Amino acid sequence: MDIEVAVIGAGPVGMAAAAFLHRAGVAVRVFEAEPVRAGQSRATTIHPRTLELFDSIPDERGSLAARLVAAGNPVPATHFAALPNRLDYRGLDTSFPFVLLLPQPETERLLAEHLAGQGVVIEPGWKLASLTQDEQGVTIVSDTGDTRRAGYVIGADGAHSATRHALGLAFPGTPASTMGFLADVKLERPPAHPHNWDYERGSYSALPLPGGIYRVFGHEPGDTGLTPDEAARRQAQIPDEAELRATLKRLADDDFGITEVLWASRTGDATRHAEQYRVGRVFLAGDAAHVHLPAGGQGLNVGVQDAANLAWKLAAEVQGRAPRRIIDGPQSYDAERRPIAARLAANTLAQAALMVTFTPGGKALRDLMSGLIGRNGDTADELRGWLSGLDVSYAEDDSLVGRRVPNLPLADGRTLHRALAPDRFTLVAFGTTVADGENVVRSTRDWHGLAAVLVRPDGYAAEVWTAGEEITTGWTER
């Protein structure tokens, strides 16, 4: 079969899945419904864990992460619910202790360039109409009748996923009850503070993007407490320049000298979660599997992390070497990523409550939460670890198995994330108790006092050994 995996959707999640799969030796092709790539920026935020995953993909700049960082605007802190006190990333144990601000069209352009350089084909204007599957593969059919055959399919085609609809999967959750404004603009006089909130007027934020562009977003009190029908009508009413100017003047007594509106939209707090992430040979990833308020830029990041989790497991299945535990067992894609998306939904709903509860009580809650973050204690650590993606874990209880392994420095001069193999596990030794061998690397830095750790292709610990424990030899076949 020429196409081992067909990816439906050429957004960041779909192209990331294709990049991870290609590196693992899988024949992959991407199908995109739109004939021309959209210029809408939508997602603008890339968090550290996502950059770590892209750092494992070689590129002419050294890695795909290096290509993205060179094009973006790294900032050392991020917000939770647009609170005044921000979460400082500078002390995080990562090679990327910052948030990368990069408009989605640029992220997509760089991913597409990378795939083209690797010979991975993206077919634009190919809109999925139907799919059928059997024991050998999946037949996908476009709206023009073009029929293709693939071993497996990944639906990364957004909130209105044609793949999910073709599978007949339910998408339960809660409809939008708020609907704010969102736009990328050029400003003559940006506001002094990035986030501003007043329980009588509402909220507005302005975040700098590369190229002198600002992402502005916010809500007025009348944007909240909507019925589903009211939210749907408001979502369809895209604000033009005049409306954006009027909205900002109501919120801030100033339109900040808007000189150009590059893109505008509405954003709400609808929260939905697909009932399954896998049906036979078909998978869902990113917004096709879960949607939520785009607070903190988490959607793109969780979607790319979906893709990284799925890719190495699917590559093993395609190549006939996957154990049951990663196909439909406790380490399967669905089993590991579903709880992460559930936590994401709760996280963004909580942020929505903090952002749009325009009452004195809402102000008191915001002041309380912002104060806790400003103390830089346990609350800040918990939120920082979650938003950055660095503390996302598949571990049970306090086990190290399932936890992210940091980008350890290696004795050969490399770092762990760039040394990870795409199609097998890597054994990291902390000392001389492990013999040299294929996919054995030695760290020059300790991690939790271990003698060795077996690391999955996506950078999480698969097994650990303490001093004196026998390191089994069967790991190379996993």
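What you see is a predicted model, and the numbers here were worked out from it, not measured in a lab. Just so it is clear, the values below take in all heavy atoms, side chains as well, and ignore hydrogens, waters and symmetry mates.
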(Q) Please tell me whether Ser56 and His417 have a donor and an acceptor in their side chains that are separated by less than 3.5 angstrom. (A) no
Q) For Ser177 and Asp269, does a side-chain donor sit closer than 3.5 Å to a side-chain acceptor? A) yes
(Q) The test is side chain to side chain contact (heavy atoms under 4.5 Å, CB included); show your working for Thr247 and Glu220 and say whether it passes. (A) CA-CA 8 Å; Thr247 300; Glu220 295 182 87; 3.7 Å; yes
Q.
In terms of relative ring orientation, are Tyr204 and Phe256 parallel, tilted or perpendicular, with 30° and 60° separating the classes?
A. tilted
(Q) Which label fits Trp197 and Tyr199: parallel for a plane angle under 30°, tilted from 30 to 60°, or perpendicular past 60°? (A) tilted
Q | By ring-ring contact (aromatic ring centres under 6.0 Å, His included) - contacts of Trp126 (at least two apart) | A | Phe31
Measuring only between side-chain heavy atoms, which start at C-beta, is [X] closer than 4.5 Å to [Y]?
| X | Y | answer |
| --- | --- | --- |
| Ser203 | Phe358 | yes |
| Asp223 | Glu230 | no |
| Val405 | Val428 | no |
| Phe96 | Ile46 | no |
| Leu101 | Thr45 | yes |
| Gln351 | Met369 | no |

Pairwise distance [atom1]([X]) to [atom2]([Y]) - rounded to 0.5 angstrom:
| X | Y | atom1 | atom2 | value |
| --- | --- | --- | --- | --- |
| Leu293 | Gln298 | CG | CD | 9.5 Å |
| Lys363 | Leu368 | NZ | CG | 11.5 Å |
| Leu110 | Met15 | CG | CE | 9.0 Å |
| Ile140 | Leu131 | CD1 | CG | 8.0 Å |
| Phe283 | Tyr333 | CZ | OH | 8.5 Å |

(Q) Within the supplied structure, the quantity of interest is the number of heavy atoms (other residues, nucleotides, ligands) at a distance under 6.0 Å from Arg189 CZ; does it exceed 12? (A) yes
Q: Mark yes when over 12 heavy atoms from residues, nucleotides or ligands other than His448 sit less than 6.0 Å from its NE2; otherwise mark no.
A: yes
Q) At their closest point, which heavy atom of Leu284 faces which heavy atom of Ala288, and how far apart are they? A) CD1-O, 3.8 Å
Donor-acceptor pairs are to be reported for all side-chain atoms of residues 69-86 against protein atoms at under 3.5 Å, with residues two or more places apart or in another chain.
from: His79; atom 1: ND1; to: Ala82; atom 2: N; distance (Å): 2.8
from: Asn85; atom 1: ND2; to: Ser370; atom 2: O; distance (Å): 2.8
from: Asn85; atom 1: ND2; to: Ser370; atom 2: OG; distance (Å): 3.2

Could you tell me whether [X] and [Y] have a side-chain N and a carboxylate O separated by less than 4.0 Å?
| X | Y | result |
| --- | --- | --- |
| Arg375 | Asp381 | no |
| Arg234 | Glu243 | no |
| Asp59 | Arg61 | no |

Q: Assess Arg337 against Tyr277: is NZ or CZ under 6.0 Å from the centre of the six-membered ring, and within 45 degrees of the ring's axis?
A: no
(Q) Against Asp93, only a single residue in Arg384, Arg49, Arg404, Arg445 fulfils salt bridge (charged side-chain N to carboxylate O under 4.0 Å, His left out); can you say which? (A) Arg445
